[in-house]
Amino acid sequence: MAMHIHYASTRAEVWRYYWRLWRQRMWKAHLAVFVVLATLLFAHLSERDWPIAAGLTAAVLANCIPLVCFILYPMLRFNPEVRELSATADGLQTSIGRRHAAIPWCDIAAIESVDGTLVIRRSDFNGLIVPARAFASDEARLAFERFVRAQVDAAHGG
(Lines give C-alpha, C1' and ligand atoms only; values in the text may rest on other atoms or scores of the structure.)
Protein backbone atom coordinates (compact mmCIF):
# COMPACT_ATOMS: atom_id res chain seq x y z
CA MET A 1 0.00 0.00 0.00
CA ALA A 2 1.26 3.49 -0.83
CA MET A 3 -0.19 6.87 0.03
CA HIS A 4 0.72 9.99 -1.94
CA ILE A 5 0.14 13.66 -1.16
CA HIS A 6 1.25 17.00 -2.59
CA TYR A 7 1.51 20.23 -0.61
CA ALA A 8 3.55 23.36 -0.07
CA SER A 9 4.54 24.52 3.40
CA THR A 10 4.52 28.13 4.45
CA ARG A 11 7.34 29.94 6.21
CA ALA A 12 4.98 30.49 9.17
CA GLU A 13 4.40 26.72 9.52
CA VAL A 14 8.13 26.06 9.50
CA TRP A 15 8.69 28.82 12.05
CA ARG A 16 6.00 27.42 14.37
CA TYR A 17 7.54 23.93 14.14
CA TYR A 18 11.04 25.10 15.00
CA TRP A 19 9.80 27.45 17.74
CA ARG A 20 7.88 24.59 19.38
CA LEU A 21 10.88 22.26 19.00
CA TRP A 22 13.19 24.94 20.45
CA ARG A 23 10.94 25.46 23.47
CA GLN A 24 10.68 21.72 24.07
CA ARG A 25 14.33 20.71 23.87
CA MET A 26 16.64 22.60 21.52
CA TRP A 27 17.10 25.53 23.91
CA LYS A 28 19.29 23.25 26.03
CA ALA A 29 21.71 22.63 23.17
CA HIS A 30 21.77 26.32 22.26
CA LEU A 31 22.43 27.26 25.88
CA ALA A 32 25.27 24.73 26.09
CA VAL A 33 26.88 26.10 22.91
CA PHE A 34 26.48 29.64 24.22
CA VAL A 35 28.05 28.85 27.60
CA VAL A 36 30.99 26.93 26.13
CA LEU A 37 31.79 29.53 23.48
CA ALA A 38 31.32 32.46 25.87
CA THR A 39 33.59 30.80 28.44
CA LEU A 40 36.30 30.12 25.88
CA LEU A 41 36.14 33.63 24.46
CA PHE A 42 36.11 35.21 27.92
CA ALA A 43 39.16 33.14 28.93
CA HIS A 44 40.93 34.18 25.73
CA LEU A 45 40.16 37.87 26.31
CA SER A 46 41.20 37.63 29.96
CA GLU A 47 44.63 36.39 28.88
CA ARG A 48 44.95 39.55 26.82
CA ASP A 49 44.28 41.73 29.89
CA TRP A 50 40.82 42.88 28.88
CA PRO A 51 38.80 44.36 31.74
CA ILE A 52 36.34 41.83 33.16
CA ALA A 53 33.23 43.82 32.19
CA ALA A 54 34.47 44.37 28.62
CA GLY A 55 35.45 40.70 28.28
CA LEU A 56 32.07 39.49 29.52
CA THR A 57 30.21 41.91 27.26
CA ALA A 58 32.28 40.90 24.21
CA ALA A 59 31.85 37.18 24.99
CA VAL A 60 28.08 37.48 25.35
CA LEU A 61 27.62 39.65 22.24
CA ALA A 62 29.92 37.50 20.09
CA ASN A 63 28.07 34.37 21.12
CA CYS A 64 24.74 35.79 20.11
CA ILE A 65 25.87 35.33 16.49
CA PRO A 66 25.76 31.49 16.52
CA LEU A 67 22.41 31.57 18.30
CA VAL A 68 20.94 33.89 15.67
CA CYS A 69 22.33 31.58 12.98
CA PHE A 70 20.65 28.57 14.65
CA ILE A 71 17.37 30.46 14.56
CA LEU A 72 17.69 31.80 11.02
CA TYR A 73 18.95 28.59 9.39
CA PRO A 74 15.52 26.94 8.93
CA MET A 75 14.10 30.19 7.56
CA LEU A 76 16.94 30.54 5.05
CA ARG A 77 16.59 26.89 3.97
CA PHE A 78 12.82 27.20 3.54
CA ASN A 79 11.57 26.05 0.16
CA PRO A 80 8.05 27.18 -0.84
CA GLU A 81 7.80 24.75 -3.78
CA VAL A 82 5.26 21.93 -3.83
CA ARG A 83 6.49 18.81 -2.08
CA GLU A 84 5.51 15.32 -3.18
CA LEU A 85 5.38 12.91 -0.27
CA SER A 86 4.76 9.18 -0.57
CA ALA A 87 4.41 6.78 2.32
CA THR A 88 5.10 3.16 1.42
CA ALA A 89 5.99 0.00 3.31
CA ASP A 90 9.68 0.91 2.87
CA GLY A 91 9.47 4.47 4.23
CA LEU A 92 8.85 7.98 3.02
CA GLN A 93 9.89 9.29 -0.37
CA THR A 94 9.89 13.02 -0.73
CA SER A 95 10.79 15.43 -3.48
CA ILE A 96 10.79 19.18 -3.92
CA GLY A 97 11.81 20.29 -7.37
CA ARG A 98 14.92 18.31 -8.27
CA ARG A 99 15.75 17.28 -4.70
CA HIS A 100 14.71 13.78 -3.68
CA ALA A 101 15.10 11.83 -0.47
CA ALA A 102 14.14 8.42 0.83
CA ILE A 103 13.59 8.19 4.57
CA PRO A 104 13.33 4.71 6.08
CA TRP A 105 10.82 4.27 8.88
CA CYS A 106 13.59 3.57 11.40
CA ASP A 107 14.84 7.16 10.91
CA ILE A 108 11.54 8.62 12.12
CA ALA A 109 11.79 9.63 15.78
CA ALA A 110 8.32 11.06 16.42
CA ILE A 111 4.97 11.78 14.86
CA GLU A 112 2.88 14.60 16.23
CA SER A 113 -0.47 16.00 15.28
CA VAL A 114 -0.72 19.66 16.24
CA ASP A 115 -3.88 21.58 15.32
CA GLY A 116 -4.46 19.38 12.26
CA THR A 117 -0.85 19.65 11.09
CA LEU A 118 1.04 16.37 10.98
CA VAL A 119 4.69 16.69 11.98
CA ILE A 120 6.95 13.76 11.12
CA ARG A 121 10.24 14.35 12.94
CA ARG A 122 13.45 12.56 12.08
CA SER A 123 16.14 11.58 14.57
CA ASP A 124 18.23 14.61 13.51
CA PHE A 125 15.32 16.95 14.40
CA ASN A 126 14.56 17.74 10.76
CA GLY A 127 10.89 17.37 10.18
CA LEU A 128 8.25 17.10 7.54
CA ILE A 129 5.44 19.52 8.29
CA VAL A 130 2.30 18.27 6.56
CA PRO A 131 -0.54 20.79 6.82
CA ALA A 132 -4.15 19.64 6.97
CA ARG A 133 -4.77 21.26 3.56
CA ALA A 134 -2.56 18.53 2.00
CA PHE A 135 -5.44 16.10 2.44
CA ALA A 136 -8.80 15.95 0.73
CA SER A 137 -10.55 15.40 4.06
CA ASP A 138 -9.95 14.95 7.76
CA GLU A 139 -10.53 11.22 7.25
CA ALA A 140 -7.75 11.12 4.62
CA ARG A 141 -5.40 12.90 7.04
CA LEU A 142 -6.23 10.45 9.82
CA ALA A 143 -5.73 7.47 7.48
CA PHE A 144 -2.32 8.81 6.43
CA GLU A 145 -1.36 9.44 10.06
CA ARG A 146 -2.47 5.94 11.13
CA PHE A 147 -0.49 4.37 8.28
CA VAL A 148 2.66 6.33 9.12
CA ARG A 149 2.35 5.59 12.85
CA ALA A 150 1.85 1.87 12.17
CA GLN A 151 4.92 1.75 9.94
CA VAL A 152 7.09 3.63 12.45
CA ASP A 153 5.88 1.45 15.33
CA ALA A 154 6.69 -1.70 13.33
CA ALA A 155 10.15 -0.35 12.42
CA HIS A 156 10.92 0.40 16.06
CA GLY A 157 9.68 -2.98 17.25
CA GLY A 158 6.49 -1.64 18.74
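What you are looking at is a predicted structure, and each value in this text was computed from that prediction instead of being measured.
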Would you sort out whether W15 and T10 count as a side chain to side chain contact (heavy atoms under 4.5 Å, CB included), showing the intermediate values? CA-CA 9 Å; W15 174 255; T10 66; over 6 Å; no
Within this structure, what is the OH-CG distance for the pair Y18 and N126, rounded to the nearest 0.5 Å? 4.5 Å
Apart from V114 itself, what residues make up its hydrophobic cluster, given side-chain heavy atom links below 4.5 Å? none
State, to 0.1 Å, how close A132 and G116 come at their nearest heavy-atom pair, and which atoms those are. CB-O, 3.4 Å
Mark yes or no for whether W105, through its side chain, and H156, through its backbone, hold a donor-acceptor pair below 3.5 Å. no
Atom CZ in R141, atom CZ in R146: separation rounded to 0.5 Å? 9.5 Å
With clusters built from Ile, Leu, Val, Met, Phe, Trp and Tyr whose side-chain heavy atoms come within less than 4.5 Å, directly or transitively, what are the remaining members of the cluster of L76, listed by chain and number? V68, L72
Transitive ILVMFWY cluster of Y73 at side-chain heavy atoms under 4.5 Å: who else is in it? none
Can any side-chain N or O of R11 pair as donor or acceptor with the backbone N or O of F78 at less than 3.5 Å? no
I need the I120 CD1 to I103 CD1 distance, nearest 0.5 Å. 8.0 Å
Roughly how far apart are Q93 CD and T88 OG1, rounded to 0.5 Å? 4.0 Å
CZ of F144 to CG of L118, rounded to nearest 0.5 Å, is 6.5 Å
Compute whether any side-chain donor of one residue and acceptor of the other, for R83 and T94, lie under 3.5 angstrom apart. yes
Common cluster, M75/W27, ILVMFWY with side-chain heavy-atom separation under 4.5 Å: yes
Quick one: pull up CG in L85 and CE in M3 and give me the separation to the nearest 0.5 Å. 10.5 Å
Does a salt bridge link E13 with R133, judged by any charged N lying under 4.0 Å from a carboxylate O? yes
Show the nearest heavy-atom pair for residues I129 and Y17, with the distance to one decimal. CD1-CB, 3.4 Å
Counting C-beta onward and ignoring hydrogens, is there a side-chain heavy-atom pair between R122 and I108 closer than 4.5 Å? yes
